[in-house]
Amino acid sequence: MNKDKQPNILFSSEQIRERLATMVGEIEKDYRDKELVVIAVLKGSVLFLADLVRGFSRPLAFDFIGVSSYGNSRTSLGLIKMEKDISIDIRDKDVLVVDDILDTGRTLGWLKDHLNKFGPRSVKICVLLEKEVDRVIDVEANYVGFSLPNVFVYGYGLDYRDRYRHLPYIAQLGDNEVPPGEKSLEE
Ligand code: 5GP
Ligand code: MG
């Protein structure tokens with residue numbers, strides 16, 4: 001166990017809080033006369049969603065969709081599997097998809113096509129993080145919390161082997177590193 005190691009924090013809870021307040025302002029302005037329905041992607045967006053929606057002073061509805069892209073612990077393979085569909089009516093509504101991170105674009109590309117089948121008035125995308133990489137699927141986020149290079153991050157919704165989603169900050173993990181407190185790879 002590497003007990004003494006400190007996490008390499010990229011975005012602190014304070015930085016996240018400040019950024020979210022600005023994003024809420026932009027979204028509220030853009031959706032002033034619209035019927036806003038937020039669709040959050042499980043499980044990575046849960047902390048982001050909870051903090052984001054608390055900032056709104058206008059009415060809105062939210063629901064969840066469960067999607068996973070299969071791969072190993074650090075890279076997504078690109079096979080999209082839907083584990084839970086939406087259960088509210090989004091026909092003629094203005095949908096804002098909220099997700100943790102835009103990487104290859106496979107998840108959000110698939111999701112946009114899927115949600116468009118229900119006949120919404122509009123579908124826009126809001127992500128906490130956007131990786132500066134070439135997308136496999138051409139999809140753009142309309143609202144982005146932070147951009148980052150192609151590194152692996154965890155915390156604030158994002159997992160390392162399904163754990164650490166609860167951390168209030170976003171930390172970076174080097175190639176052969178594990179989070180502090182986790183058994184090292186050799187052990
Ligand atoms: P995409 O479909 O755009 O390749 O990937 C989106 C999904 O891959 C994210 O919702 C997330 O679950 C996962 N992902 C991509 N990059 C990272 C990362 O750096 N850390 C973690 N924990 N998950 C990531
Ligand atoms: Mg995800």
Side-chain angles (χ1 to χ4, degrees), residues 5-13 15-16 19-20 23 38-53 62-86 95-116 123-185:
K5 265 197 70 204
Q6 295 299 314
N8 181 5
I9 297 177
L10 286 188
F11 305 108
S12 66
S13 54
Q15 280 175 295
I16 296 169
R19 183 70 192 111
L20 263 54
M23 292 173 84
V38 173
I39 303 290
V41 187
L42 293 171
K43 301 178 258 199
S45 70
V46 167
L47 274 70
F48 179 36
L49 171 82
D51 286 341
L52 192 78
V53 293
F62 67 74
D63 194 9
F64 296 97
I65 189 159
V67 180
S68 56
S69 50
Y70 281 86
N72 63 29
S73 62
R74 295 188 193 216
T75 51
S76 81
L77 235 180
L79 302 171
I80 309 291
K81 190 179 160 214
M82 183 169 59
E83 281 150 1
K84 183 217 168 287
D85 205 348
I86 53 167
V95 172
L96 185 66
V97 178
V98 168
D99 202 3
D100 52 1
I101 187 165
L102 173 58
D103 184 9
T104 66
R106 286 188 178 107
T107 306
L108 287 166
W110 182 90
L111 215 62
K112 231 181 152 171
D113 290 346
H114 176 71
L115 294 174
N116 271 320
V123 178
K124 283 199 196 182
I125 292 173
C126 172
V127 289
L128 175 66
L129 302 169
E130 174 183 66
K131 281 193 184 171
E132 289 156 342
V133 294
D134 290 332
R135 310 260 177 263
V136 175
I137 302 296
D138 189 22
V139 47
E140 271 177 44
N142 305 88
Y143 306 95
V144 175
F146 306 98
S147 295
L148 76 168
N150 194 13
V151 295
F152 183 84
V153 288
Y154 67 99
Y156 199 70
L158 293 135
D159 71 309
Y160 169 74
R161 300 189 174 214
D162 238 352
R163 307 204 299 173
Y164 305 99
R165 293 187 196 272
H166 65 288
L167 298 173
Y169 52 78
I170 297 163
Q172 176 181 343
L173 206 57
D175 280 347
N176 297 308
E177 266 183 341
V178 295
E182 181 80 13
K183 281 186 176 162
S184 69
L185 293 173

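Order of listing sets the numbers, starting from 1, for every ligand and every atom in it.
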Query - Nearest option to atom 12 (O) of ligand 1, as decided by whichever heavy atom of I170, D100, V67 sits closest - result: D100

With a 4.0 Å cut-off on heavy atoms, is [X] touching ligand 1?
| X | result |
| --- | --- |
| Y154 | no |
| G105 | yes |
| K131 | yes |

Query raised in the report: For ligand 1, is there an N or O atom under 3.5 Å from any N or O atom of L108?
Result: no

**Report entry** Y160 N/O under 3.5 Å from ligand 1 N/O
**Finding:** no

Which of the numbered atoms in ligand 1 are below 4.0 angstrom from a heavy atom of [X]?
| X | answer |
| --- | --- |
| T107 | 1 (P), 2 (O), 5 (O), 6 (C) |
| R106 | 2 (O), 3 (O) |
| T104 | 1 (P), 2 (O), 3 (O), 4 (O) |
| V153 | 18 (C), 19 (O), 20 (N), 21 (C), 22 (N) |
| F152 | 18 (C), 19 (O), 20 (N), 21 (C), 22 (N) |
| D99 | 10 (O) |

Requested in this report: Report the part of V151 (side chain from C-beta onward, or backbone N, CA, C, O) that has a heavy atom under 4.0 Å from ligand 1; answer both or neither where that applies.
Outcome: backbone

Query - Region of I101 that comes within reach of ligand 1 [heavy atoms, distance under 4.0 Å] - result: both

Query raised in the report: Would you find more than 12 non-hydrogen atoms of other residues, nucleotides or ligands less than 6.0 Å from N150 atom CG?
Result: yes

Query raised in the report: Once the angle between the rings of Y160 and F152 is folded into 0 to 90°, is it parallel (under 30°), tilted (30 to 60°) or perpendicular (over 60°)?
Result: perpendicular

Report summary line: All heavy atoms of F11 vs all of S147, minimum pair found to be CZ-O, 4.3 Å

Requested in this report: Starting from the C-alpha separation in whole Å, work towards a yes-or-no answer on side-chain contact (heavy atoms from CB on, under 4.5 Å) for V153 and I101.
Outcome: CA-CA 10 Å; V153 288; I101 187 165; 4.1 Å; yes

If you measure from the Lys or Arg side-chain nitrogens to the Asp or Glu carboxylate oxygens, is any gap between [X] and [Y] under 4.0 Å?
| X | Y | result |
| --- | --- | --- |
| D162 | R165 | yes |
| R161 | E182 | no |
| R135 | E130 | yes |

Requested in this report: Could you tell me the separation between the CG atom of L115 and the CD1 atom of I39, rounded to the nearest 0.5 Å?
Outcome: 6.0 Å

Query raised in the report: Side chains of F48 and L20: closer than 4.5 Å at any heavy-atom pair?
Result: yes

